[in-house]
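Written out below as structure tokens is the structure these notes cover.
Heads up: numbering here begins at 1 and tracks the sequence. As the structure lists them, so they are numbered: ligands from 1, and atoms in each ligand from 1.
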Amino acid sequence: MTEVSALQTERYRYEPKVPAILRQDVGMIAVKKAGETGGAGNQRELQRRFPHIYGAPAALFKRGENPPAKKRYNVGVVLSGGPAPGGHNVIAGLLDSLKQGNPRSKLYGFLNGPAGLINCAYREITPKILQPYRNTGGFDIIGSGRDKVETPDQFRAAAETAAKLDLDAVVIVGGDDSNTNAAVLAEHFASSGAKTRFIGVPKTIDGDLKNEFIETSFGFDSATKVYSQLVGNIARDACSSRKYWHFIKVMGRSASHIALECALQTQANICLISEEVEARGLTLAQITEDISRAVAARAEGGENFGVVIIPEGLVEFIPEIKKLIGELNGQMAKKADEFNALRSFQDKRAWLGANLSEESMGAFNTLPEGIAAEFLIDRDPHGNVQVSRIETERLLATLVEQRVAVLKKEGKFHGNFASYTHFFGYEGRCGAPSNFDADYCYALGKTAFMLLASGLNGYLASVRNLTAPPSKWTAGGVPLTSLMHIETRKGEPKPVIKKALVDLKGPVFRALAAKREEWALKTSYLFPGSPQYFGPAGVSDRATKTLVLESLGAKKK
Ligand code: FBP
């Protein structure tokens, strides 16, 4: 037998806590309509592009007879985008329900994301194959990928795969871009009269796939617990050795939910929130000035150390850099052959001089060369700049160092400044799922099965009431189109799922805003410690501050 760690051995024994409604036999869970839905914007255009799936009602499970759940199904599953803790439990919930409904049903796992569906690359997932993956992190059971499904050839290939395997449904486990794929495929198959239905499952550590029906995406809970532990450990080192400022970038491609959650869990001195930077129109120079002033103020009290949390997506929210990235994305896509033929950074800079506006070229030239080059790295298949590869933490540490040197010369800074930079991203994406994510994901997998077995197409699995004990969680689905709007991607208007960014009027940001001046000056760190899987529920089953504050806020409304 393959050797496994002591924790893994114990986690195999963990039985996810299941919502009461999903504990019934699958044949006894019926669906009721639970409210009309529209889109997140551009309703008419969405209706035009998704005539078969737009405007369907939200669905809620209740006790009742559901004979189709007992039929024999062939189902495919795709794990898509960045890994998130709990993906294997989605498959576990899906497979267990599928087999409970009919032991002859089959589950096919497509390999390496949407590409597996296109290329008909798959493995059948049996209970035996799944067993060693239960309650484990990662997506390694079948791998993941970021391919965008959009060309006629890809649709044709996906249809061939579905026909070959006689698929009744495909479950796509993914974030905003991956669930956009799910919606597009659901519409395409419905319009061609094919029987295969598409169901999405809300995954992303970034926490930005949510609305009134989706309280959180899975993975956010586990990943923020890992990052908060690491930030807390660094904070403890900072106040022990008292000589370094730590600039820590945390993942979250656009939204700052991860940074915000980590700040609330650790009470770090400074936490930048990209959405606020954009709302206040703060330039790079102003951000640098704000941090430098905090550095100088802490030095007055002899505290030549501190912790700054930086959301990964920050650069896309600083007005002059946002404009630069927008122009780069457009030009690099429009003149791809020309740009890709350029070899040296100097050649690329010269090309940009001829293709960018003066303002954007000016912004590009303010960046240190190594970091400027990171802005030119290939876009992902959805046209996004790969912010995890831009060293914003180094950029800010360098600019603050330069600025405090000036303040020193002016007699406005009397301390010392030395910095370290960190990027916490991949450290948290594949950790063992927290109890919350293990339970939530198992329930999402069971929910996905009930949606497809109820004949629904183009729905996202929705499990709610998440701050209550799992037995009280509710389950159902919401049309994918209700989360969509139109955005410019690669210079073209495209229907995509709208990212839920940090709400600056919401309770989570307000909790930070109420304390951040105090935390900047006064060392008041919290040390969350490592994620716990056993022991007091107050520690091991603790929900994120984001979820708790948002659900309290929702109840007050
Ligand atoms: P998803 O939206 O796919 O869940 O992305 C999560 C994420 O971890 C982001 O936080 C990060 O920017 C991105 O993936 C990095 O992706 P990659 O590993 O492909 O570089």
Quiz question: by atom type and distance under 3.5 Å, do the side chains of [X] and [Y] form a donor-acceptor pair?
X      : Y      : result
Glu275 : Ser256 : yes
Thr474 : Asn465 : no
Tyr133 : Asp140 : no
Tyr54  : Gln43  : yes

Give every donor-acceptor pair under 3.5 Å between a side-chain atom in residues 442-449 and any protein atom, sequence neighbours left out.
unit_1: Tyr442; atom_1: OH; unit_2: Asp96; atom_2: OD2; d: 2.5
unit_1: Lys446; atom_1: NZ; unit_2: Ser97; atom_2: OG; d: 3.2
unit_1: Thr447; atom_1: OG1; unit_2: Ala443; atom_2: O; d: 2.7

Please tabulate, one line per pair, the protein N or O atoms found under 3.5 Å from any N or O atom of ligand 1, giving the distance to one decimal.
unit_1: ligand 1; atom_1: 2 (O); unit_2: Thr204; atom_2: OG1; d: 3.4
unit_1: ligand 1; atom_1: 3 (O); unit_2: Gly82; atom_2: N; d: 2.8
unit_1: ligand 1; atom_1: 3 (O); unit_2: Arg146; atom_2: NH1; d: 2.9
unit_1: ligand 1; atom_1: 3 (O); unit_2: Arg146; atom_2: NH2; d: 3.4
unit_1: ligand 1; atom_1: 3 (O); unit_2: Lys203; atom_2: NZ; d: 3.2
unit_1: ligand 1; atom_1: 4 (O); unit_2: Lys203; atom_2: NZ; d: 3.0
unit_1: ligand 1; atom_1: 4 (O); unit_2: Thr204; atom_2: OG1; d: 2.9
unit_1: ligand 1; atom_1: 5 (O); unit_2: Arg146; atom_2: NH2; d: 3.4
unit_1: ligand 1; atom_1: 8 (O); unit_2: Arg429; atom_2: NH1; d: 3.0
unit_1: ligand 1; atom_1: 10 (O); unit_2: Asp206; atom_2: OD1; d: 2.6
unit_1: ligand 1; atom_1: 10 (O); unit_2: Asp206; atom_2: OD2; d: 3.4
unit_1: ligand 1; atom_1: 10 (O); unit_2: Gly252; atom_2: N; d: 3.2
unit_1: ligand 1; atom_1: 12 (O); unit_2: Glu312; atom_2: OE1; d: 2.7
unit_1: ligand 1; atom_1: 12 (O); unit_2: Glu312; atom_2: OE2; d: 3.4
unit_1: ligand 1; atom_1: 14 (O); unit_2: Arg146; atom_2: NH2; d: 2.8
unit_1: ligand 1; atom_1: 14 (O); unit_2: Arg429; atom_2: NH1; d: 3.1
unit_1: ligand 1; atom_1: 16 (O); unit_2: Arg146; atom_2: NH2; d: 2.8
unit_1: ligand 1; atom_1: 18 (O); unit_2: Tyr426; atom_2: OH; d: 3.4
unit_1: ligand 1; atom_1: 18 (O); unit_2: Arg429; atom_2: NH1; d: 3.1
unit_1: ligand 1; atom_1: 18 (O); unit_2: Arg429; atom_2: NH2; d: 3.0
unit_1: ligand 1; atom_1: 19 (O); unit_2: Arg146; atom_2: NE; d: 2.9
unit_1: ligand 1; atom_1: 19 (O); unit_2: Arg146; atom_2: NH2; d: 3.4
unit_1: ligand 1; atom_1: 20 (O); unit_2: Tyr426; atom_2: OH; d: 3.1

Is Lys249 close enough and on-axis enough to Phe423, meaning under 6.0 Å and within 45°, for cation-pi?
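Cation-pi check for Lys249 and Phe423: passes.
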
